[in-house]
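Data first, discussion second: the structure below is written as structure tokens.
When reading the values below, keep in mind they use all heavy atoms of this one structure, side chains included, and skip hydrogens, waters and symmetry mates.
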Amino acid sequence: MEDDSKPLLGSVRAGESYTDSLEPRGRRAFHVEHRNIVDDAPQERVSSEASIMSSRIHYYSRLTGSSDRALAPPDHVIPPAEDIYVYSPLGTAFKVQGKDGASKNPSIITIFAIWNTMMGTSILSIPFGIKQAGFTLGIIILVAMGILTLYCCYRVLKSTKSIPYVDTSDWEFPDVCRYYFGAFGKWSSLIFSMVSLVGAMVVYWVLMSNFLFNTGKFIYNSVHHINMSDSDFGTNGSERVICPFPDTHHHGSNVSVSLLYVSGGNSSTAVFDRWWSKTNTIPLYLIVLLFPLLNFRSASFFARFTFLGTISVIYLIGLVTMKAFRLGFHLEFHWFEHTKAFVPEFRLLFPQLTGILTLAFFIHNCIITLMKSNKHQENNVRDLSLAYLLVGLTYLYVGVLIFASFPSPELSKDCIEPNFLDNFPSSDVWVFVARTFLLFQMTTVYPLLGYLVRVQVMSQVFGSHYPGFFHVLVLNIIIVGSGVLMAKFYPNIGSIIRFSGATCGLTLVFVFPALIHMISLKRRGELRWPSAVFHSFLIVLGVANLLAQIFV
């Protein structure tokens, strides 16, 4: 009876990868004692054919102590998915409805799920990153980073298959890191995963402060009939573009510099500006709205609004297309010279773009989970590649159109902000709609991110997702406090994104996937110097990407 509690078959090596010998085609047979059957469904008598099949599987299981593939059970003795049963020695059986019977998504759904998961706040900073790198170099870096992060994501997806003699069907990437690197791998993957999540929450707080400020300003000016068209440095015309911080940028002679309102009293406006400040008051107002939501035991209610992310991205793409069509293209190519109105095509500030793109293409800590729901597992690599292609084209489309249509030489392209929506005045109705969409979407996503942080931290430290109200309260105070401080003293989402992206990308994108692949090849005696050089280069690239954020 003691032997019956052990796995039926060991895992054996098959070719270049390791597979469970019971799952040559993703199928698994089960056998438990009768006392472990707790289903209340009516019992079925086991047919003679099924009984013989079960006996064959038990017979082959006694022969798999060796790693010889020849002793693995042949495919014809393994039940297909529709014939998987739990067998009892008393002659009864129950149909198994496990993970293999769970609903699966077709490839198109899987591709767009990855696209929707990756499409975050980074899309607002892509034009800024291209400006920092230069137009030509920016496009090259975007394509190159997409390819490199796709390969590293592929290595993460395949990492569970490289572990022999262990059932890794329920493993995630942190479990793989723990297998190879012990406690260090477990805690470092957790910490750097928290960096990406908390960094995203900080960016959300800064952006929500920005969007709430501009939304309130739009409503106030509309109610009081205040025209702000001449209050900012920018272009004139129906499609107005502004330079929020003209003292730090180059600008041409056609910039409007009038600081007088066309209408409206200065006294009432001054009071409104004092109590409706983007950095002094708005970040504190958000505490009243969002802090109670973080303390909910479950975030399932907010998960119902995740579709708003897709709607927001689609609207942003439409907004960018419309603005580019109305503004036209303003491009002159100065490859190595710096002019008054145009940035060079190649700039030494390009690491800022690589940092942003590391987070923009970051999905490595959850790609295994996303791919488990794919209906056709043999298409995982193809679907992952198509998803990355779709994400890269989206970033490229938004970044190139905003950069190309920015109205230089009236304004220097150096005026492009880390959040490109800041280059449009609060009175712009189309941008107002975009900000309102994003504000509502982030209000629903923020508690979800907080829930993910709480689950990962509390489960690892205290062994429970909700160890107590006080524990959760302290964690939420730390998270919210960091968002408020950054929104007040350093509301630069471009820098926050690139630092958090380069930090979490160091381990979860570059170092751990490359090291795990080299170690697995080494253990199988298949590591060759071209592979060792290339994957070592990936590690160096990740370290250089993080260090470069400090010096640029």
Report the relative orientation of the aromatic rings in Phe184 and Phe512; use parallel for angles under 30°, tilted for 30 to 60°, perpendicular for over 60°. perpendicular

Is there a donor-acceptor contact under 3.5 Å linking the side chains of Asn419 and Ser125? no

Is Leu207 close to Met442 at the side-chain level, that is, under 4.5 Å between some pair of heavy atoms? yes

Measuring from Thr310:OG1 to Ile314:CD1, what's the distance to the nearest 0.5 Å? 6.0 Å

Under a 4.0 Å threshold between the charged nitrogen and the carboxylate oxygen, would Arg178 count as salt-bridged to Glu172? no

Heavy atoms of other groups near Leu348 CG, more than 12 under 6.0 Å: no

Are the ring centres of Tyr395 and Phe361 closer than 6.0 Å? yes

Determine whether a donor-acceptor pair (N or O, by modelled atom type, separation under 3.5 Å) exists between the side chain of Gln549 and the backbone of Asn545. yes

With side chains defined as the heavy atoms from C-beta onward, is the minimum distance between Val202 and Leu485 less than 4.5 Å? no

Is there a donor-acceptor pair closer than 3.5 Å between any side-chain N or O of Asn295 and the backbone N or O of Phe291? yes

Ser159 and Ile368: CA distance, side-chain angles, deciding distance, side-chain contact (heavy atoms from CB on, under 4.5 Å) verdict: CA-CA 9 Å; Ser159 61; Ile368 296 177; 4.3 Å; yes

Assign the ring pair Trp115 / Phe112 to parallel, tilted or perpendicular, where the plane angle (0 to 90°) is split at 30° and 60°. perpendicular

Closest approach of Gly129 and Ile356, non-hydrogen atoms and distance? CA-CD1, 4.2 Å

Taking the side chain as every heavy atom from C-beta outward, state whether Ser277 and Ile282 have any atom pair closer than 4.5 Å. no

For a side-chain contact (heavy atoms from CB on, under 4.5 Å) check, start with the C-alpha distance between Thr136 and Ile140, then their side-chain angles and the critical distance, and finish with the verdict. CA-CA 7 Å; Thr136 302; Ile140 295 174; 4.3 Å; yes

Within this structure, what is the OG1-NZ distance for the pair Thr160 and Lys372, rounded to the nearest 0.5 Å? 7.5 Å

Side chains of Ser107 and Arg382, heavy atoms from C-beta outward: is any pair under 4.5 Å? yes

Ala487 backbone acceptor or donor facing Trp205 side chain under 3.5 Å: no

Heavy atoms of Ser312 and Leu438 approach each other most closely as CB-CD2, 3.7 Å

Of all the heavy-atom pairs spanning Ser531 and Leu521, show the shortest one and how long it is. OG-CD1, 3.7 Å

Side-chain (Thr149) to main-chain (Gly146) donor-acceptor, under 3.5 angstrom: yes

Under 3.5 Å, is there a donor on one side chain and an acceptor on the other for Ser162 and Arg524? no

Do other residues, nucleotides or ligands put more than 12 heavy atoms under 6.0 Å from Phe537 CZ? no

From Thr354 atom OG1 to Leu142 atom CG, the distance as rounded to the nearest 0.5 Å: 11.5 Å

So, Ser209 and Tyr285: side-chain donor and acceptor under 3.5 Å apart, yes or no? no

Do Phe181 and Ile516 pass the side-chain contact (heavy atoms from CB on, under 4.5 Å) test, and can you show the C-alpha distance, the side-chain angles, and the key distance before you say yes or no? CA-CA 9 Å; Phe181 307 111; Ile516 288 173; 3.7 Å; yes

Atom pair CG/CG of Leu197 and Leu190 - distance to nearest 0.5 Å: 9.5 Å

Which atom names give the shortest non-hydrogen contact between Pro283 and Val484, and what distance separates them? O-CG2, 3.9 Å

I'd like to know whether the aromatic ring centres of Phe362 and His364 sit less than 6.0 Å apart in this structure. yes

Under a 4.5 Å cut-off applied to non-hydrogen side-chain atoms, are Leu515 and Tyr180 in contact? no

Does any part of the side chain of Pro244, heavy atoms only, come nearer than 4.5 Å to the side chain of Asn423, both counted from C-beta? yes

Any luck finding a side-chain donor-acceptor pair between Thr110 and Asn374 under 3.5 Å? yes

Considering only heavy atoms from C-beta outward, does the side chain of Val206 approach that of Ile496 to under 4.5 Å? yes

Going by heavy atoms in the side chains, are Ser426 and Phe432 under 4.5 Å from each other? no

Where is the tightest heavy-atom contact between Met119 and Thr394, given as atom of each residue plus distance? SD-CG2, 3.7 Å

Does Gln377 reach the main-chain N or O of Met371 with its side chain, forming a donor-acceptor pair under 3.5 Å? yes

Between Thr168 and Val176, is a side-chain contact (heavy atoms from CB on, under 4.5 Å) present by the stated rule, with each step listed? CA-CA 9 Å; Thr168 60; Val176 179; over 6 Å; no

Tell me if the centroids of the rings in Phe173 and Tyr179 come within less than 6.0 Å of each other. no

Indicate, with yes or no, if the rings of Tyr446 and Tyr204 have centres closer together than 6.0 Å. no

State whether Phe403 and Lys413 meet the cation-pi test: NZ (Lys) or CZ (Arg) under 6.0 Å from the six-membered ring centroid, and within 45° of the perpendicular axis. yes

Is it true that a side-chain atom of Asn476 and a backbone atom of Val472 form a donor plus acceptor pair closer than 3.5 Å? yes

Residue Lys488 excluded, over 12 heavy atoms near NZ under 6.0 Å: yes

Going from OH on Tyr490 to OG on Ser495, what distance comes out if it is rounded to the nearest 0.5 angstrom? 3.0 Å

Any chance you could measure Thr503, atom OG1, to Leu506, atom CG, to the nearest 0.5 Å? 7.5 Å

For the pair Arg454 (side chain) and Leu294 (backbone), establish whether a donor and an acceptor sit closer than 3.5 Å, ignoring hydrogens and angles. yes

Check Arg347 with Asp414, please: is the shortest side-chain N to carboxylate O separation under 4.0 Å? yes

When you measure from the side chain of Arg435 to the backbone of Leu421, do you find a donor-acceptor pair of N or O atoms at a distance under 3.5 Å? yes

Is the centre of the Tyr154 ring less than 6.0 Å from the centre of the His517 ring? no

Ile416 and Phe128 have their tightest heavy-atom pair at O-CD1, 3.6 Å

